Student: 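Submitted below is the structure of interest, expressed as C-alpha coordinates.
Residue numbers run from 1 in the order of the sequence given. Note that the structure is a prediction, hence the values are computed from the model and not measured. Because only heavy atoms are used, hydrogens play no part in the values below, and waters and symmetry mates are left out as well, while side chains stay in. Both ligands and their constituent atoms are indexed starting at 1 by order of listing.
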Amino acid sequence: MAKKEQGEPRAVRTMRIGAPRIERRGGRARLTAEIRIGEDDVRPLWFEVEEKYGRYLCAERADAFLIGLLNFAQRERLDIVCEAPVTARLLYQIRTYLIPSLARNSKVLYETRIEAPMDDTPMANAGGVGTGISCGVDSLHVVKNYARSPYPGLSLTHLCLNNVGAFWSENGGRQYDWQAEHARQFAKEYGFELIVSDSNMAEAFQQIHLLTHTYSSCFAIYALQKLWRVYFYASSGYDLQSGFSLKDNEQNASSHYELLSLDCFSTPTLQIYSEGCTITRFEKEQELADWEPAQKYLHVCLANTGPNCGACGKCLRTLTALDALGCLQRFDNVFDVAAYLARRERNLAWLYKQQLIPSDDEMCKPAYERLKGEIAFPVRVRVWLGLLYERLARVRWLHAAIHPVLGRLRRLRAPRVRP
Ligand SMILES: [Zn+2]
(Lines give C-alpha, C1' and ligand atoms only; values in the text may rest on other atoms or scores of the structure.)
Protein backbone atom coordinates (compact mmCIF):
# COMPACT_ATOMS: atom_id res chain seq x y z
CA MET A 1 0.00 0.00 0.00
CA ALA A 2 1.44 3.39 -1.00
CA LYS A 3 1.94 6.13 1.56
CA LYS A 4 0.05 9.38 1.16
CA GLU A 5 1.78 12.65 0.38
CA GLN A 6 3.68 14.20 3.23
CA GLY A 7 2.64 17.60 4.54
CA GLU A 8 -0.70 19.29 4.93
CA PRO A 9 -3.28 17.86 2.48
CA ARG A 10 -5.51 20.21 0.52
CA ALA A 11 -8.96 20.82 2.01
CA VAL A 12 -11.73 18.52 0.83
CA ARG A 13 -14.39 20.27 -1.23
CA THR A 14 -17.72 19.11 -2.58
CA MET A 15 -18.63 18.54 -6.20
CA ARG A 16 -22.38 18.68 -6.71
CA ILE A 17 -23.73 16.96 -9.83
CA GLY A 18 -27.03 18.59 -10.77
CA ALA A 19 -29.98 16.62 -12.13
CA PRO A 20 -29.35 15.89 -15.84
CA ARG A 21 -31.68 17.33 -18.46
CA ILE A 22 -32.15 16.81 -22.20
CA GLU A 23 -32.50 19.64 -24.74
CA ARG A 24 -33.35 19.17 -28.41
CA ARG A 25 -32.23 21.84 -30.86
CA GLY A 26 -31.09 22.04 -34.48
CA GLY A 27 -31.40 18.31 -35.12
CA ARG A 28 -29.30 17.46 -32.06
CA ALA A 29 -30.17 16.13 -28.60
CA ARG A 30 -28.00 17.18 -25.66
CA LEU A 31 -27.75 15.69 -22.17
CA THR A 32 -26.45 18.27 -19.67
CA ALA A 33 -25.78 18.45 -15.95
CA GLU A 34 -24.53 21.47 -14.01
CA ILE A 35 -21.41 20.61 -12.04
CA ARG A 36 -20.74 22.83 -9.05
CA ILE A 37 -17.35 22.58 -7.34
CA GLY A 38 -17.15 24.36 -4.01
CA GLU A 39 -19.14 27.58 -3.85
CA ASP A 40 -18.76 29.33 -7.16
CA ASP A 41 -17.10 27.09 -9.75
CA VAL A 42 -20.00 26.01 -11.99
CA ARG A 43 -19.42 24.14 -15.23
CA PRO A 44 -22.11 22.60 -17.42
CA LEU A 45 -21.04 19.17 -18.68
CA TRP A 46 -22.79 17.94 -21.82
CA PHE A 47 -22.94 15.05 -24.26
CA GLU A 48 -24.68 15.41 -27.61
CA VAL A 49 -25.91 13.12 -30.39
CA GLU A 50 -28.09 13.37 -33.49
CA GLU A 51 -31.72 13.87 -32.47
CA LYS A 52 -32.77 10.38 -33.63
CA TYR A 53 -30.56 8.94 -30.86
CA GLY A 54 -31.94 11.35 -28.25
CA ARG A 55 -34.39 8.73 -26.99
CA TYR A 56 -31.42 6.71 -25.69
CA LEU A 57 -29.99 9.54 -23.57
CA CYS A 58 -30.49 8.93 -19.87
CA ALA A 59 -31.54 11.94 -17.80
CA GLU A 60 -33.22 9.95 -15.04
CA ARG A 61 -29.94 8.98 -13.37
CA ALA A 62 -26.62 10.62 -12.62
CA ASP A 63 -24.63 7.47 -13.55
CA ALA A 64 -22.83 8.93 -16.58
CA PHE A 65 -21.70 12.07 -14.76
CA LEU A 66 -20.63 10.22 -11.62
CA ILE A 67 -18.46 7.82 -13.64
CA GLY A 68 -17.08 10.51 -15.94
CA LEU A 69 -15.94 12.73 -13.08
CA LEU A 70 -14.89 10.08 -10.59
CA ASN A 71 -11.14 10.14 -11.20
CA PHE A 72 -11.18 13.93 -11.43
CA ALA A 73 -12.81 14.02 -7.99
CA GLN A 74 -10.23 11.66 -6.50
CA ARG A 75 -7.39 13.77 -7.88
CA GLU A 76 -8.92 17.07 -6.74
CA ARG A 77 -9.93 15.83 -3.25
CA LEU A 78 -13.63 16.22 -3.93
CA ASP A 79 -16.57 14.49 -2.30
CA ILE A 80 -19.49 14.01 -4.67
CA VAL A 81 -23.14 14.81 -4.11
CA CYS A 82 -25.57 13.69 -6.84
CA GLU A 83 -29.00 15.29 -7.05
CA ALA A 84 -30.39 12.58 -9.36
CA PRO A 85 -30.45 8.91 -8.38
CA VAL A 86 -27.54 6.59 -9.14
CA THR A 87 -28.12 2.95 -10.13
CA ALA A 88 -27.82 1.12 -6.82
CA ARG A 89 -25.52 -1.67 -8.00
CA LEU A 90 -23.22 0.84 -9.67
CA LEU A 91 -22.98 2.95 -6.53
CA TYR A 92 -22.27 -0.14 -4.43
CA GLN A 93 -19.44 -1.30 -6.71
CA ILE A 94 -17.85 2.12 -7.07
CA ARG A 95 -17.97 2.91 -3.35
CA THR A 96 -17.01 -0.54 -2.09
CA TYR A 97 -14.41 -1.78 -4.58
CA LEU A 98 -13.17 0.85 -7.00
CA ILE A 99 -12.57 3.98 -4.91
CA PRO A 100 -10.83 2.26 -1.98
CA SER A 101 -8.67 0.12 -4.31
CA LEU A 102 -7.47 3.18 -6.21
CA ALA A 103 -6.99 5.48 -3.21
CA ARG A 104 -5.09 2.88 -1.18
CA ASN A 105 -2.66 2.14 -3.99
CA SER A 106 -1.92 5.75 -4.79
CA LYS A 107 0.22 8.45 -3.20
CA VAL A 108 -2.20 11.23 -4.06
CA LEU A 109 -5.71 9.99 -4.81
CA TYR A 110 -8.38 10.90 -2.28
CA GLU A 111 -10.93 8.35 -1.08
CA THR A 112 -13.91 10.28 -2.43
CA ARG A 113 -17.21 9.88 -0.58
CA ILE A 114 -20.41 9.81 -2.61
CA GLU A 115 -23.79 10.94 -1.43
CA ALA A 116 -26.64 10.05 -3.80
CA PRO A 117 -30.19 8.75 -3.85
CA MET A 118 -30.32 5.21 -5.22
CA ASP A 119 -32.54 3.49 -7.76
CA ASP A 120 -32.43 -0.28 -7.99
CA THR A 121 -34.96 -0.74 -10.78
CA PRO A 122 -33.28 -2.10 -13.93
CA MET A 123 -32.82 0.62 -16.56
CA ALA A 124 -34.55 -0.61 -19.74
CA ASN A 125 -32.38 -0.51 -22.87
CA ALA A 126 -32.78 -1.20 -26.59
CA GLY A 127 -30.40 -4.18 -26.50
CA GLY A 128 -27.64 -2.40 -28.41
CA VAL A 129 -24.13 -3.88 -28.68
CA GLY A 130 -21.53 -1.21 -29.28
CA THR A 131 -17.89 -0.30 -29.53
CA GLY A 132 -15.81 2.75 -30.39
CA ILE A 133 -14.38 3.12 -33.88
CA SER A 134 -11.20 5.17 -33.90
CA CYS A 135 -9.89 2.74 -36.58
CA GLY A 136 -6.84 2.10 -34.39
CA VAL A 137 -5.53 -1.43 -33.85
CA ASP A 138 -7.57 -2.00 -30.69
CA SER A 139 -10.89 -0.79 -32.05
CA LEU A 140 -10.52 -2.69 -35.33
CA HIS A 141 -9.73 -5.80 -33.33
CA VAL A 142 -13.13 -5.50 -31.62
CA VAL A 143 -14.91 -5.00 -34.95
CA LYS A 144 -13.18 -7.98 -36.52
CA ASN A 145 -14.18 -10.27 -33.65
CA TYR A 146 -17.71 -9.02 -32.99
CA ALA A 147 -19.08 -7.92 -36.36
CA ARG A 148 -20.66 -11.38 -36.38
CA SER A 149 -20.11 -13.13 -33.09
CA PRO A 150 -20.89 -16.85 -32.73
CA TYR A 151 -22.30 -15.99 -29.29
CA PRO A 152 -25.99 -14.99 -29.32
CA GLY A 153 -26.53 -11.33 -28.48
CA LEU A 154 -22.87 -10.34 -28.80
CA SER A 155 -22.75 -9.10 -32.41
CA LEU A 156 -22.20 -5.38 -32.85
CA THR A 157 -25.27 -3.30 -33.64
CA HIS A 158 -23.63 0.15 -33.55
CA LEU A 159 -20.21 1.77 -33.79
CA CYS A 160 -19.49 5.03 -31.94
CA LEU A 161 -17.07 7.87 -32.20
CA ASN A 162 -17.03 9.85 -28.96
CA ASN A 163 -15.34 13.22 -28.67
CA VAL A 164 -14.44 12.91 -24.99
CA GLY A 165 -10.68 13.47 -24.98
CA ALA A 166 -8.70 11.44 -27.49
CA PHE A 167 -9.12 14.01 -30.27
CA TRP A 168 -9.12 17.16 -28.19
CA SER A 169 -6.24 19.63 -28.05
CA GLU A 170 -5.94 22.97 -26.29
CA ASN A 171 -5.02 24.61 -29.60
CA GLY A 172 -8.23 23.55 -31.31
CA GLY A 173 -7.63 21.66 -34.55
CA ARG A 174 -10.02 19.67 -36.71
CA GLN A 175 -8.71 16.16 -36.20
CA TYR A 176 -12.10 15.06 -34.86
CA ASP A 177 -13.80 16.08 -38.12
CA TRP A 178 -11.27 14.05 -40.12
CA GLN A 179 -11.68 11.12 -37.74
CA ALA A 180 -15.49 11.31 -37.99
CA GLU A 181 -15.37 11.28 -41.79
CA HIS A 182 -12.95 8.34 -41.73
CA ALA A 183 -15.29 6.43 -39.38
CA ARG A 184 -18.31 7.30 -41.59
CA GLN A 185 -16.60 5.84 -44.65
CA PHE A 186 -15.69 2.71 -42.70
CA ALA A 187 -19.23 2.27 -41.34
CA LYS A 188 -20.77 2.86 -44.76
CA GLU A 189 -18.48 0.42 -46.56
CA TYR A 190 -19.01 -2.38 -44.03
CA GLY A 191 -22.67 -1.74 -43.23
CA PHE A 192 -22.56 -0.52 -39.62
CA GLU A 193 -24.77 2.07 -37.96
CA LEU A 194 -22.49 4.82 -36.65
CA ILE A 195 -23.18 7.26 -33.82
CA VAL A 196 -20.92 10.32 -33.84
CA SER A 197 -21.27 12.17 -30.55
CA ASP A 198 -19.86 15.42 -29.24
CA SER A 199 -19.09 16.60 -25.70
CA ASN A 200 -17.33 19.36 -23.79
CA MET A 201 -15.88 16.82 -21.33
CA ALA A 202 -12.24 17.31 -22.38
CA GLU A 203 -12.49 21.09 -22.38
CA ALA A 204 -14.53 21.59 -19.20
CA PHE A 205 -12.53 19.05 -17.16
CA GLN A 206 -9.01 19.05 -18.53
CA GLN A 207 -7.22 15.85 -17.59
CA ILE A 208 -4.42 13.77 -19.07
CA HIS A 209 -6.43 11.59 -21.43
CA LEU A 210 -4.12 8.59 -21.12
CA LEU A 211 -4.70 8.50 -17.36
CA THR A 212 -8.46 8.95 -17.46
CA HIS A 213 -9.79 7.63 -20.80
CA THR A 214 -11.70 4.76 -19.20
CA TYR A 215 -13.77 7.27 -17.20
CA SER A 216 -14.48 9.67 -20.05
CA SER A 217 -15.34 6.81 -22.42
CA CYS A 218 -17.70 5.25 -19.86
CA PHE A 219 -19.28 8.70 -19.45
CA ALA A 220 -20.19 8.46 -23.15
CA ILE A 221 -21.41 4.87 -22.76
CA TYR A 222 -23.63 5.74 -19.80
CA ALA A 223 -24.94 8.91 -21.43
CA LEU A 224 -26.59 6.50 -23.92
CA GLN A 225 -27.50 4.06 -21.18
CA LYS A 226 -30.92 3.36 -22.72
CA LEU A 227 -29.30 2.00 -25.87
CA TRP A 228 -26.61 -0.38 -24.63
CA ARG A 229 -26.91 -3.87 -23.23
CA VAL A 230 -23.30 -4.76 -24.03
CA TYR A 231 -20.38 -2.48 -24.82
CA PHE A 232 -16.97 -3.71 -25.91
CA TYR A 233 -14.37 -1.25 -24.70
CA ALA A 234 -11.17 -1.97 -26.61
CA SER A 235 -8.28 -2.90 -24.31
CA SER A 236 -5.11 -0.88 -24.81
CA GLY A 237 -2.78 -3.65 -25.90
CA TYR A 238 -1.37 -4.72 -22.54
CA ASP A 239 -2.32 -8.29 -21.83
CA LEU A 240 -3.93 -8.79 -18.45
CA GLN A 241 -1.15 -11.01 -17.05
CA SER A 242 1.61 -8.41 -17.40
CA GLY A 243 -0.53 -5.29 -17.67
CA PHE A 244 -2.83 -5.25 -14.65
CA SER A 245 -1.62 -2.96 -11.90
CA LEU A 246 -3.07 -0.69 -9.26
CA LYS A 247 0.26 0.49 -7.87
CA ASP A 248 0.66 4.27 -8.16
CA ASN A 249 -2.37 4.15 -10.44
CA GLU A 250 -2.62 7.96 -10.56
CA GLN A 251 0.55 8.01 -12.72
CA ASN A 252 -0.38 5.20 -15.10
CA ALA A 253 -2.82 4.73 -17.95
CA SER A 254 -6.27 3.88 -16.63
CA SER A 255 -6.24 0.85 -18.96
CA HIS A 256 -3.89 -0.88 -16.50
CA TYR A 257 -6.74 -1.49 -14.09
CA GLU A 258 -9.68 -1.76 -16.48
CA LEU A 259 -10.42 -5.31 -15.41
CA LEU A 260 -11.45 -3.78 -12.10
CA SER A 261 -12.96 -0.48 -13.24
CA LEU A 262 -15.04 -1.88 -16.12
CA ASP A 263 -16.37 -4.58 -13.82
CA CYS A 264 -17.37 -1.90 -11.32
CA PHE A 265 -19.01 0.12 -14.14
CA SER A 266 -21.07 -2.89 -15.31
CA THR A 267 -24.54 -3.76 -14.03
CA PRO A 268 -26.92 -6.68 -14.70
CA THR A 269 -28.43 -4.59 -17.54
CA LEU A 270 -25.26 -3.09 -19.06
CA GLN A 271 -22.11 -5.18 -19.33
CA ILE A 272 -18.86 -3.50 -20.40
CA TYR A 273 -16.07 -5.82 -21.56
CA SER A 274 -12.39 -5.07 -21.96
CA GLU A 275 -12.13 -6.65 -25.39
CA GLY A 276 -8.74 -8.07 -26.28
CA CYS A 277 -7.42 -7.88 -22.72
CA THR A 278 -5.82 -11.31 -22.87
CA ILE A 279 -3.47 -10.44 -25.73
CA THR A 280 -0.87 -7.79 -26.58
CA ARG A 281 -1.00 -5.06 -29.21
CA PHE A 282 1.44 -7.03 -31.36
CA GLU A 283 -0.80 -10.09 -31.25
CA LYS A 284 -3.74 -7.91 -32.28
CA GLU A 285 -1.70 -6.56 -35.20
CA GLN A 286 -0.93 -10.13 -36.15
CA GLU A 287 -4.65 -10.96 -36.16
CA LEU A 288 -5.45 -7.89 -38.29
CA ALA A 289 -2.65 -8.41 -40.83
CA ASP A 290 -4.86 -10.32 -43.28
CA TRP A 291 -8.09 -8.45 -42.63
CA GLU A 292 -9.01 -6.20 -45.53
CA PRO A 293 -10.89 -3.51 -43.52
CA ALA A 294 -7.76 -2.95 -41.42
CA GLN A 295 -5.60 -2.73 -44.53
CA LYS A 296 -7.91 -0.03 -45.88
CA TYR A 297 -8.71 1.98 -42.75
CA LEU A 298 -6.07 1.49 -40.02
CA HIS A 299 -5.32 4.85 -38.42
CA VAL A 300 -2.96 5.10 -35.46
CA CYS A 301 -1.37 8.53 -35.84
CA LEU A 302 -0.83 10.98 -32.97
CA ALA A 303 0.11 13.93 -35.18
CA ASN A 304 -3.46 15.30 -35.52
CA THR A 305 -2.82 16.10 -39.18
CA GLY A 306 -5.34 13.76 -40.82
CA PRO A 307 -4.00 10.50 -42.28
CA ASN A 308 -1.10 8.54 -40.73
CA CYS A 309 2.01 10.73 -40.80
CA GLY A 310 4.42 7.78 -40.74
CA ALA A 311 6.81 9.64 -38.43
CA CYS A 312 5.22 9.96 -34.97
CA GLY A 313 5.93 7.37 -32.27
CA LYS A 314 2.68 5.49 -32.81
CA CYS A 315 3.05 5.38 -36.60
CA LEU A 316 6.62 4.12 -36.25
CA ARG A 317 5.64 1.53 -33.67
CA THR A 318 2.89 0.21 -35.95
CA LEU A 319 5.05 0.31 -39.09
CA THR A 320 7.90 -1.59 -37.43
CA ALA A 321 5.38 -4.14 -36.12
CA LEU A 322 3.96 -4.64 -39.63
CA ASP A 323 7.52 -4.86 -40.92
CA ALA A 324 8.29 -7.56 -38.33
CA LEU A 325 5.16 -9.44 -39.37
CA GLY A 326 6.22 -9.26 -43.01
CA CYS A 327 2.98 -7.59 -44.12
CA LEU A 328 3.97 -3.96 -44.73
CA GLN A 329 2.92 -3.92 -48.37
CA ARG A 330 -0.63 -4.93 -47.49
CA PHE A 331 -1.00 -1.61 -45.64
CA ASP A 332 0.15 0.72 -48.38
CA ASN A 333 -3.34 2.24 -48.55
CA VAL A 334 -2.90 3.74 -45.06
CA PHE A 335 0.89 4.21 -44.80
CA ASP A 336 3.52 5.53 -47.18
CA VAL A 337 5.31 2.18 -47.23
CA ALA A 338 7.86 3.33 -49.84
CA ALA A 339 8.90 6.22 -47.57
CA TYR A 340 9.21 3.84 -44.62
CA LEU A 341 11.40 1.46 -46.62
CA ALA A 342 13.58 4.31 -47.91
CA ARG A 343 14.33 5.19 -44.27
CA ARG A 344 14.26 1.63 -42.96
CA GLU A 345 17.73 1.75 -41.39
CA ARG A 346 16.76 4.89 -39.45
CA ASN A 347 13.42 3.37 -38.49
CA LEU A 348 15.08 0.24 -37.14
CA ALA A 349 17.51 2.48 -35.25
CA TRP A 350 14.45 4.15 -33.70
CA LEU A 351 13.12 0.70 -32.75
CA TYR A 352 16.45 -0.19 -31.14
CA LYS A 353 16.47 3.10 -29.23
CA GLN A 354 13.07 2.25 -27.66
CA GLN A 355 14.72 -0.82 -26.12
CA LEU A 356 17.46 1.26 -24.50
CA ILE A 357 15.28 3.90 -22.91
CA PRO A 358 14.11 2.67 -19.48
CA SER A 359 10.34 2.32 -19.11
CA ASP A 360 9.75 3.48 -22.65
CA ASP A 361 7.37 1.79 -25.01
CA GLU A 362 7.17 -1.88 -23.99
CA MET A 363 4.90 -2.51 -26.96
CA CYS A 364 7.87 -2.19 -29.33
CA LYS A 365 9.57 -5.25 -27.87
CA PRO A 366 7.97 -8.02 -29.98
CA ALA A 367 8.85 -6.21 -33.23
CA TYR A 368 12.39 -5.63 -31.99
CA GLU A 369 12.81 -9.32 -31.10
CA ARG A 370 11.95 -10.24 -34.69
CA LEU A 371 13.98 -7.51 -36.38
CA LYS A 372 17.03 -7.20 -34.14
CA GLY A 373 19.15 -9.40 -36.41
CA GLU A 374 18.79 -6.73 -39.11
CA ILE A 375 20.12 -3.87 -37.00
CA ALA A 376 23.81 -3.58 -37.87
CA PHE A 377 26.48 -2.89 -35.26
CA PRO A 378 27.38 0.60 -36.60
CA VAL A 379 23.69 1.55 -36.42
CA ARG A 380 23.59 0.45 -32.78
CA VAL A 381 26.74 2.44 -32.02
CA ARG A 382 25.16 5.54 -33.55
CA VAL A 383 22.10 5.06 -31.33
CA TRP A 384 24.28 4.71 -28.21
CA LEU A 385 26.23 7.85 -29.10
CA GLY A 386 23.01 9.72 -29.79
CA LEU A 387 21.62 8.72 -26.39
CA LEU A 388 24.91 9.63 -24.71
CA TYR A 389 24.78 13.04 -26.36
CA GLU A 390 21.16 13.51 -25.21
CA ARG A 391 22.21 12.72 -21.63
CA LEU A 392 25.27 14.99 -21.71
CA ALA A 393 23.28 17.78 -23.31
CA ARG A 394 21.19 17.93 -20.13
CA VAL A 395 24.28 19.21 -18.27
CA ARG A 396 24.15 22.89 -19.12
CA TRP A 397 27.85 23.74 -19.34
CA LEU A 398 28.59 20.60 -21.35
CA HIS A 399 25.76 21.47 -23.72
CA ALA A 400 27.17 24.98 -24.10
CA ALA A 401 30.59 23.52 -24.95
CA ILE A 402 29.55 20.61 -27.23
CA HIS A 403 26.58 22.02 -29.13
CA PRO A 404 28.48 24.66 -31.20
CA VAL A 405 31.16 22.11 -32.15
CA LEU A 406 28.56 19.61 -33.38
CA GLY A 407 26.74 22.38 -35.24
CA ARG A 408 29.97 23.30 -37.04
CA LEU A 409 30.61 19.62 -37.91
CA ARG A 410 27.10 19.27 -39.33
CA ARG A 411 27.55 22.38 -41.47
CA LEU A 412 30.88 21.03 -42.77
CA ARG A 413 29.19 17.73 -43.73
CA ALA A 414 26.21 19.39 -45.40
CA PRO A 415 26.45 19.69 -49.21
CA ARG A 416 27.43 23.17 -50.34
CA VAL A 417 24.82 25.01 -52.38
CA ARG A 418 26.36 26.98 -55.22
CA PRO A 419 24.96 30.45 -55.78
ZN1 LIG B 1 1.78 9.59 -37.08
Side-chain angles (χ1 to χ4, degrees), residues 132-143 161-186 202 208-211 213 217 234-238 253 255 276 280-282 284-286 288-289 291 293-355 357 360-368 370-371 383 386 390:
I133 184 69
S134 66
C135 288
V137 171
D138 303 320
S139 80
L140 289 177
H141 186 264
V142 181
V143 179
L161 189 68
N162 296 317
N163 192 16
V164 288
F167 312 108
W168 186 82
S169 88
E170 233 168 309
N171 313 319
R174 306 308 305 167
Q175 182 62 20
Y176 190 64
D177 297 340
W178 186 91
Q179 208 72 43
E181 189 47 40
H182 194 63
R184 275 188 200 101
Q185 287 174 20
F186 180 91
I208 300 170
H209 184 66
L210 181 72
L211 308 187
H213 63 83
S217 298
S235 69
S236 292
Y238 299 99
S255 51
T280 64
R281 176 72 54 74
F282 190 77
K284 290 182 185 182
E285 285 158 342
Q286 202 160 15
L288 293 176
W291 195 50
Q295 294 163 4
K296 289 177 81 171
Y297 284 93
L298 180 65
H299 183 267
V300 298
C301 190
L302 289 175
N304 286 345
T305 51
N308 292 314
C309 73
C312 71
K314 243 177 140 181
C315 280
L316 280 178
R317 187 175 70 200
T318 310
L319 279 160
T320 48
L322 298 174
D323 189 353
L325 290 166
C327 60
L328 261 177
Q329 295 296 348
R330 287 177 232 163
F331 288 82
D332 66 351
N333 188 58
V334 289
F335 285 112
D336 186 344
V337 173
Y340 170 85
L341 291 174
R343 292 170 54 91
R344 188 164 185 264
E345 189 178 277
R346 273 192 191 203
N347 293 330
L348 295 189
W350 174 88
L351 183 64
Y352 177 53
K353 187 178 171 186
Q354 308 315 302
Q355 314 309 306
I357 304 171
D360 215 71
D361 204 337
E362 273 288 304
M363 288 185 188
C364 291
K365 218 175 198 74
Y368 173 72
R370 291 191 180 207
L371 292 171
V383 173
E390 280 174 26

Student: Can you tell me how the ring of His209 sits relative to the ring of His213, calling it parallel under 30°, perpendicular over 60° and tilted otherwise?
Tutor: tilted
Student: Please confirm whether the backbone N or O of Leu161 pairs with a side-chain atom of Tyr176, one donor and one acceptor, at under 3.5 Å?
Tutor: yes
Student: Looking only at non-hydrogen atoms, find the nearest pair between Leu371 and Leu348 and report the distance.
Tutor: CD1-CD2, 3.8 Å
Student: Okay, side chain of Asn308, backbone of Val334: is any donor-acceptor separation there less than 3.5 Å?
Tutor: yes
Student: Answer yes or no: is there a donor N or O on one side and an acceptor on the other, between the side chain of Asn347 and the main chain of Thr320, under 3.5 Å?
Tutor: no
Student: Which residues and atoms, counting only protein N, O or S, are under 2.8 Å from the Zn ion (ligand 1)?
Tutor: Cys301 SG, Cys309 SG, Cys312 SG, Cys315 SG
Student: Is the backbone of Gly306 close enough, under 3.5 Å, to the side chain of His299 for a donor and an acceptor to pair up by distance?
Tutor: yes
